[in-house]
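Structure, as C-alpha cells:
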Amino acid sequence: MPEDILFCWSGGKDSAMALHALQLAQNHRITTLLTTVTEEYDRISMHGVRRVLLERQAESLGLPLHAVLIPPHCINATYEARMREALSEHLARGVRRVAFGDIFLEDLRVYRERNLAQLGMAALFPIWKRDTRELARDFLRLGFRAIAVCVDPRVLDPSFAGRVLDQSFFDDLPPGVDPCGENGEFHTFVFDGPVFHAPIHFLAGERVTRDGFCFCDLLPE
C-alpha cells in the first residue's frame, strides 16, 4: 500500500520538482499540501503570493490545502507552535511522514527532522543532494513554468523579480547565485507543468520592496 505523505508546499519550483519525484516513485500518496500563510497579508509567507493563487495551485494539483496562519515578522517560537498544531492534526489521521523540497541546506534538514521527531514523525526529501544545475535543466525539460516572485537584492538584481524562468533567466544569473535559489536568492511561483491538471492564470502586477526584498505581485485572472 502507498504510504501517506503530508507535503510542505511553498508554491515554488523546488516544491513542484519534489512533488513530481514523489509521483514518479508511485509508492506514496500525497494527502494534503501544507503551506504557511502570513495572516495579515493573506499571502504565502516569504514568497508573497496571494492566497487565492495558492488555492488555485492546490485545485489544479487535485489536492486539499491546509494553510498554517502565522503573523508578520513571525518569531520562531510562534512558527513552531503553529506548525506543531497543524502537524499534530495530520498525525492523528495516521500520517507520519512529511515531504519537503529542500536540496542541500544541511542545517535546515536537521531542524526539520528534529522538530518532526518530537512528534513521532519523519521527514522525506525527494530531491535531496540533486545537482541544482541539473534540476534547473530538468525543470525546463519537463515543461514546468514558473515566475520569480521574490528576489534578494543583496545578491540578485531586482529586475529578476517578475521574470519567467526560461533558459535566459538561468543564463543571466550571476556567478555565486545558486541556479535553484537554494540559498534564498530568489523564490518562485509555479503556474504550469506535469503535476498540474491545468495552468494557473495570472497577470504580473507591480514590483515593490518590502522588508529588504523585492517582490512582483501576481494578480489572479
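In this chain, residues are counted from 1 in sequence order.
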Can we say [X] and [Y] salt-bridge, meaning some charged N sits less than 4.0 Å from an Asp/Glu carboxylate O?
{"X": "Glu39", "Y": "Arg82", "answer": "yes"}
{"X": "Arg93", "Y": "Asp4", "answer": "no"}
{"X": "Arg163", "Y": "Asp172", "answer": "yes"}
{"X": "Arg109", "Y": "Asp102", "answer": "no"}
{"X": "Lys129", "Y": "Glu106", "answer": "yes"}
{"X": "Arg97", "Y": "Glu3", "answer": "yes"}

- Message: Parallel, tilted or perpendicular, judged at 30° and 60°: which one describes the rings of Phe202 and Phe189?
- Response: perpendicular

- Compute whether any side-chain donor of one residue and acceptor of the other, for Thr132 and Asp178, lie under 3.5 angstrom apart. yes

Contact between [X] and [Y] at the side-chain level, heavy atoms closer than 4.5 Å - yes or no?
{"X": "Phe100", "Y": "Asp14", "value": "no"}
{"X": "Pro64", "Y": "Leu33", "value": "no"}
{"X": "Arg50", "Y": "Ile44", "value": "no"}
{"X": "Gln23", "Y": "His28", "value": "no"}
{"X": "Phe125", "Y": "Ile103", "value": "no"}

- Are Met17 and Asp138 close enough, and set up right, to give a side-chain contact (heavy atoms from CB on, under 4.5 Å), and what steps lead you there? CA-CA 9 Å; Met17 290 294 284; Asp138 283 351; 3.8 Å; yes

- Query: Any chance CD of Glu221 has more than 12 other-residue heavy atoms, nucleotides or ligands included, within less than 6.0 Å?
  - Reply: yes

- Item | Neighbour count above 12 (heavy atom, 6.0 Å) for Arg154 CZ | no

Exercise: identify the closest heavy-atom pair between [X] and [Y]:
{"X": "Ala148", "Y": "Cys216", "answer": "O-CB, 4.1 Å"}
{"X": "Gly212", "Y": "Pro153", "answer": "O-CD, 3.2 Å"}
{"X": "Asp192", "Y": "Val190", "answer": "O-CG1, 3.6 Å"}
{"X": "Gln57", "Y": "Phe196", "answer": "O-CE2, 3.9 Å"}
{"X": "Pro179", "Y": "Phe170", "answer": "O-CE2, 3.1 Å"}
{"X": "Arg56", "Y": "Pro220", "answer": "NH1-CB, 3.5 Å"}

Any sub-3.5 Å donor-acceptor pair from [X]'s side-chain atoms to [Y]'s backbone N or O?
{"X": "Glu185", "Y": "Asn183", "answer": "yes"}
{"X": "Ser88", "Y": "Arg84", "answer": "yes"}
{"X": "Ser60", "Y": "Ala198", "answer": "yes"}
{"X": "Arg207", "Y": "Ala161", "answer": "yes"}
{"X": "Ser45", "Y": "Thr38", "answer": "yes"}
{"X": "Lys13", "Y": "Phe139", "answer": "no"}
{"X": "Glu40", "Y": "Pro71", "answer": "no"}
{"X": "Arg112", "Y": "Ala123", "answer": "no"}
{"X": "His47", "Y": "Thr188", "answer": "yes"}
{"X": "Thr35", "Y": "Ser10", "answer": "no"}

- Message: Under the side-chain contact (heavy atoms from CB on, under 4.5 Å) test against Val98, which residue among Asn115, Leu124, Leu87 passes?
- Response: Leu87

- Message: Under the side-chain contact (heavy atoms from CB on, under 4.5 Å) test against Leu218, which residue among Leu203, Val52, Val149 passes?
- Response: Val149

- Message: What verdict does the side-chain contact (heavy atoms from CB on, under 4.5 Å) test give for Leu105 and Glu182, after you've listed the backbone C-alpha separation in whole Å, the side-chain angles of each residue and the deciding distance to 0.1 Å?
- Response: CA-CA 8 Å; Leu105 296 178; Glu182 179 71 349; 3.9 Å; yes

- Message: With a 6.0 Å cut-off on the ring centroids, do Phe169 and Phe186 count as close?
- Response: yes

- Do Leu135 and Phe7 belong together in a cluster built from hydrophobic side chains that touch within less than 4.5 Å? yes

- Task: With side-chain contact (heavy atoms from CB on, under 4.5 Å) as the test, would you mind laying out the steps for Asp152 and Phe213 before giving the verdict?
- Result: CA-CA 5 Å; Asp152 184 348; Phe213 292 88; 3.8 Å; yes

- Item | CA sep, side-chain torsions, deciding dist, call: Glu59, Ile200, side-chain contact (heavy atoms from CB on, under 4.5 Å) | CA-CA 10 Å; Glu59 181 181 2; Ile200 293 89; over 6 Å; no

